Protein chains: 2
Amino acid sequence: MSRDKIRELFKSRGIKNTQQRHLIYEFLSRKKQPITAEEIYMVLLKKEKTKMNLSTVYRILDTFTKKGLVQKSGINIEGKSTYEINHMDHRHHLVCTGCNKIIPIKGCPLEGYESYLGETTGFEILEHHLEIKGICPDCQKETNGKDK
Amino acid sequence: MSRDKIRELFKSRGIKNTQQRHLIYEFLSRKKQPITAEEIYMVLLKKEKTKMNLSTVYRILDTFTKKGLVQKSGINIEGKSTYEINHMDHRHHLVCTGCNKIIPIKGCPLEGYESYLGETTGFEILEHHLEIKGICPDCQKETNGKDK
DNA sequence: ACGCACATGCAAACTATTTGCATTTGCGTT
DNA sequence: AACGCAAATGCAAATAGTTTGCATGTGCGT
């Protein structure tokens with residue numbers, strides 16, 4: 001997404017275009033995996049020459065979340081929340097319990113189920129989070145050799 | 001579940017039967033909803049005449065989780081983790097964003113999907129967590145009157 | 001009933017996240 | 001292009017959930 005597209009996006013949502021916000025949004029939109037606030041902070045510290053405070057990262061993520069640009073992913077890594085771009089194409093992930101690798105899943109297995117659920121419960125269904133855990137092929141190999 | 005059943009269960013899993021563990025297990029097995037460690041602590045403080053430390057609650061939940069008796073539910077309430085009895089009949093919940101009410105869902109919409117996913121990704125699928133959010137009938141009524 | 005390993009209580013440590021306040025920055029206006 | 005104000009950021013300190021070290025207490029096999 002180009003620099004100007006992001007500016008426009010921000011403007012359309014009433015988000016002031018600051019350097020920090022721009023960097024975080026750009027970074028997140030390239031990421032295919034949910035990521036923690038701290039990781040964002042670290043990467044931006046190293047890669048970009050900007051300095052940015054960790055609390056700013058949290059505040060920006062919060063702003064983005066409220067404006068619908070980003071969402072908390074529901075996947076917690078060692079007690080830390082993770083965030084990802086709010087893909088308009090609804091998406092889920094498969095998390096490896098061995099190495100924490102995260103891969104996106106194509107398609108949503110709950111298509112159609114939500115409306116059924118809404119009808120049977122009377123709830124107005126808003127959203128869902130699905131997290132599937134497993135052991136990735138790489139870690140399966142490793143485990144065969146060791147006993148851990 | 002009777003007192004003795006729980007003792008047996010503990011014994012079969014190598015869990016020493018203490019008063020605190022018993023109380024927590026009994027309480028959790030009656031609960032139909034995931035609950036936070038703090039809530040467990042509060043309820044047991046009030047209802048039972050036992051005193052129990054919050055850190056003990058955490059430790060017991062941890063033990064239970066490792067032994068497979070309990071699981072972290074994946075639903076976080078205001079930043080707090082929630083726990084529930086590990087129902088052998090795999091279960092999901094519907095959470096109301098208005099009042100935090102949680103209701104269990106009958107059946108799992110992912111039946112069958114896991115094996116498909118395992119085949120297509122090479123992952124060995126272990127488990128999944130599904131959280132669905134919506135507005136319950138009660139809160140839907142309320143919202144119609146107010147503007148919040 | 002005894003003794004030991006394990007569980008608990010208590011307080012302090014940790015860690016992720018939030019917040020108050022002074023300073024800086026973006027952006028509409030002149 | 002400069003000005004001014006509201007909003008954003010940096011910094012440090014506060015919160016809050018969870019964990020941990022250590023002294024004491026308790027379950028359970030002998």
Side-chain angles (χ1 to χ4, degrees), chain A residues 3-4 6-25 27 34-42 44-45 48-67 69-83 100, chain B residues 3-4 6-25 27 34-42 44-45 48-67 69-83 100:
Chain A
R3 188 143 316 215
D4 285 342
I6 296 180
R7 286 182 92 87
E8 273 177 44
L9 175 62
F10 282 180
K11 195 160 190 178
S12 74
R13 308 266 180 140
I15 297 174
K16 194 188 269 185
N17 186 302
T18 68
Q19 196 183 170
Q20 292 86 335
R21 285 173 176 175
H22 208 100
L23 283 172
I24 290 184
Y25 190 85
F27 178 62
I35 187 174
T36 66
E38 199 180 9
E39 280 181 281
I40 296 173
Y41 170 67
M42 297 298 260
L44 292 187
L45 261 196
E48 319 289 335
K49 32 220 139 193
T50 327
K51 57 175 178 179
M52 190 183 321
N53 198 278
L54 180 55
S55 66
T56 301
V57 176
Y58 276 109
R59 271 193 279 231
I60 288 178
L61 287 173
D62 190 50
T63 302
F64 283 176
T65 303
K66 281 180 184 147
K67 299 290 184 174
L69 264 44
V70 158
Q71 52 182 117
K72 274 199 175 177
S73 85
I75 298 175
N76 281 44
I77 295 186
E78 293 163 14
K80 295 168 217 162
S81 303
T82 61
Y83 303 81
N100 279 330
Chain B
R3 190 145 310 218
D4 286 341
I6 296 181
R7 286 181 92 87
E8 274 177 43
L9 175 63
F10 282 1
K11 194 161 189 179
S12 73
R13 307 266 180 141
I15 297 173
K16 196 188 268 184
N17 185 300
T18 67
Q19 195 183 171
Q20 292 86 336
R21 284 172 177 175
H22 209 99
L23 283 172
I24 290 185
Y25 190 84
F27 178 62
I35 187 174
T36 65
E38 200 181 8
E39 280 180 280
I40 296 173
Y41 171 67
M42 298 298 259
L44 292 188
L45 262 196
E48 318 290 335
K49 29 222 140 192
T50 327
K51 57 176 181 181
M52 191 184 320
N53 198 277
L54 180 56
S55 67
T56 301
V57 177
Y58 276 110
R59 271 193 279 229
I60 289 178
L61 288 173
D62 191 50
T63 302
F64 284 175
T65 303
K66 280 180 184 148
K67 299 290 184 171
L69 263 43
V70 158
Q71 53 182 116
K72 273 198 175 180
S73 87
I75 298 176
N76 282 45
I77 295 185
E78 293 163 16
K80 295 168 217 161
S81 303
T82 61
Y83 303 81
N100 279 330

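Because the structure is predicted, anything quoted here is derived from the model rather than measured. Each chain gets a letter, A, B and so on, in the order its sequence line appears, and its residues count up from 1.
Comparing D/dA8, D/dT18, C/dC10 against the side chain of B/Tyr58 picks out D/dT18 as the nearest. Picking from C/dT8, D/dC11, C/dG26 the nucleotide with the shortest atom distance to the side chain of A/Arg59 gives D/dC11. For B/Ser55, counting side-chain heavy atoms from C-beta on, the closest listed nucleotide (C/dG26, D/dT20, D/dG17) is D/dT20.
For B/Thr18 and C/dT8, the shortest distance from a side-chain N or O to OP1 or OP2 is below 4.0 Å. Distances shown here put a side-chain N or O of B/Arg7 below 4.0 Å from the OP1 or OP2 atom of D/dC28. Put simply, B/Lys80 has a side-chain N or O that comes within less than 4.0 Å of OP1 or OP2 on D/dG17. Put simply, A/Arg21 has a side-chain N or O that comes within less than 4.0 Å of OP1 or OP2 on D/dA8. A/Gln20 has no side-chain polar atom (N or O) that falls below the 4.0 Å cut-off from OP1 or OP2 of C/dT25. Residue B/Ser81 places at least one side-chain N or O closer than 4.0 Å to OP1 or OP2 of D/dT18.
For A/Leu23 and C/dT25, the CG to P distance is 14 Å, given to the nearest whole Å. For the pair A/Glu39 CD and C/dT17 C1', the computed distance is 16 Å after rounding to whole Å. When rounded to the nearest whole Å, the span between CD1 of A/Ile77 and P of D/dT18 equals 18 Å. Between the CD1 atom of A/Ile15 and the P atom of C/dC27 there is a distance of 12 Å, given to the nearest Å. Note: CG (A/Asn53) to C1' (C/dT17) measures 12 Å, nearest angstrom. Across the protein-nucleic acid pair, B/Ile60 atom CD1 and D/dT19 atom C1' stand 15 Å apart, rounded to whole Å. Nucleotide D/dT18 holds its P atom 11 Å from the CG atom of A/Asn76, rounded to whole Å.
Sequence order on DNA chain D of the closest nucleotides to B/Thr82 and B/Lys11 puts B/Thr82 first from the 5' end. If you find the closest nucleotide of DNA chain D to B/Gly79 and to A/Leu54, the one lying nearer the 5' end belongs to A/Leu54. Positionally, the nearest nucleotide of DNA chain C for B/Lys16 lies more toward the 5' end than for the other of B/Lys16 and B/Val57.
To the nearest 0.5 Å, the span separating CD1 on B/Ile40 from CG on B/Leu23 amounts to 11.5 Å. Note: A/Gln20 CD to A/Asn53 CG = 10.0 Å, rounded to the nearest 0.5 Å.
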Next on the checklist: Could you walk me through whether B/Thr36 and B/Thr82 satisfy the side chain to side chain donor-acceptor pair (under 3.5 Å) test, starting with their C-alpha distance in whole Å, then the side-chain angles of each, then the deciding distance to 0.1 Å, before giving a yes or no?
Outcome noted: CA-CA 4 Å; B/Thr36 65; B/Thr82 61; over 6 Å; no
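At the heavy-atom level, A/Asp62 lies nowhere under 4.0 Å from the strands shown.
The aromatic rings of A/Phe64 and A/Tyr25 sit perpendicular to each other, their planes meeting at more than 60°, with 30° as the lower class boundary.
The side-chain heavy atoms of A/Ile35 and A/Phe27, taken from C-beta on, include a pair separated by under 4.5 Å.
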